[in-house]
Amino acid sequence: AQRVTQPEKLLSVFKGAPVELKCNYSYSGSPELFWYVQYSRQRLQLLLRHISRESIKGFTADLNKGETSFHLKKPFAQEEDSAMYYCALGRRALTFGSGTRLQVQP
Amino acid sequence: KAGVTQTPRYLIKTRGQQVTLSCSPISGHRSVSWYQQTPGQGLQFLFEYFSETQRNKGNFPGRFSGRQFSNSRSEMNVSTLELGDSALYLCASSLGIAGGLTYEQYFGPGTRLTVT
């Protein structure tokens, strides 16, 4: 069975500090991985996906098949990054992690 | 383009009743997926429809069912409601999969169901 683990429920950093949101997965085959974000009072929306290899809002995520990880990183956190972040695995049927709340303090 | 819409936004039902939730996808999207979100279990996949056919189903009891109409609008139904069915039900639409590429899922605002 496929599984996504986000070990941190809450990550609190100061503005300008680096951020790393952890995501580990369990899947047999070639995974398709995503990061979704939910800002306060907004809908869940796609932040980035591993196949695109792009940087969105300064965030990047690299798929490490050896460590079965897809950690989300940003070198300098901004207050507007405060949100709930979900790592997800799958194609038609997404398996979500439990989410990490990122709080960026001024 | 208008986003995914879900109706109603809030619903209160009593144990044993049934409920129908509706989802209107983004125009042109033929894939509609449903998810249940609870504090304890997080986001869990319920089912996915594409062109009126159920393509995938999550690990939920048969009380949970759905359907999709020819205009891609989808409904999900929960019969014999239990207290544990209280949750935020999210609908997502996408273009589906083509040429090996999985298109992005766009989520609606959700329907908050409370079972008393």
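Chain letters run A, B, ... following the sequence lines, proteins first, then strands; residues in each count from 1. These numbers come from a predicted model, not from an experiment.
The interface of residues 5-27 of chain A with chain B, defined by heavy-atom distances below 4.5 Å, is empty. Among residues 87-106 of chain A, the residues having any heavy atom closer than 4.5 Å to a heavy atom of chain B are, in sequence order, R91(A), R92(A), A93(A), L94(A), F96(A). Inspection of non-hydrogen atoms places no residue of residues 58-74 of chain A under 4.5 Å from chain B.
Only the side chain of E48(B) has a heavy atom closer than 4.5 Å to any heavy atom of chain A. Using a 4.5 Å cut-off between heavy atoms, Q41(B) makes no contact with chain A at all. When heavy atoms are compared at a cutoff of 4.5 Å, E32(A) approaches chain B solely by way of its side chain, counted from C-beta outward. For F47(B), no part sits under 4.5 Å from any heavy atom of chain A, backbone or side chain.
Contact count versus chain A (heavy atoms, under 4.5 Å) is highest, among G108(B), S94(B), G42(B), for G108(B).
In terms of modelled atom types and a separation under 3.5 Å, the side chain of Q44(B) and the main chain of Q36(B) share no donor-acceptor contact. Between the side chain of R43(A) and the backbone N or O of V4(B) there is at least one donor-acceptor pair closer than 3.5 Å. Looking at Q54(B), its side chain never comes within 3.5 Å of a backbone N or O of S65(B) through a donor-acceptor pair.
Pairing each heavy atom of A83(A) with each of V37(A), the nearest pair is CB-CG2, 3.6 Å. Between L46(B) and M76(B) the shortest heavy-atom distance is CD1-SD, 4.0 Å. Of all heavy-atom pairs spanning C91(B) and V32(B), the tightest one is SG-CG1, 3.6 Å. Here the closest non-hydrogen pair linking W34(B) and S74(B) is NE1-OG, 2.9 Å. Across all non-hydrogen atoms, the minimal contact from G66(B) to Y49(B) is O-OH, 2.6 Å. Shortest non-hydrogen contact noted between S79(B) and N77(B) is N-OD1, 3.7 Å.
For the pairing with S93(B), the side chain to side chain donor-acceptor pair (under 3.5 Å) check across H29(B), Q105(B), R30(B), E104(B) returns one residue only, H29(B). The ring pair (Phe, Tyr, Trp, His ring centres under 6.0 Å) test with Y35(B) singles out one residue from F64(B), F60(B), F45(B), and that residue is F45(B).
Sorted by first then second residue, the salt bridge (Lys or Arg N to Asp or Glu O under 4.0 Å) pairs that include residues 60-72 of chain B, not counting sequence neighbours, are R63(B)-E82(B), R63(B)-D85(B), R67(B)-E75(B).
Between atom OG1 of residue T5(B) and atom CZ of residue R73(B) there is a gap of 9.5 Å, rounded to the nearest 0.5 Å.
Side-chain contact between V19(B) and V115(B) is absent, with no heavy atoms from C-beta onward closer than 4.5 Å.
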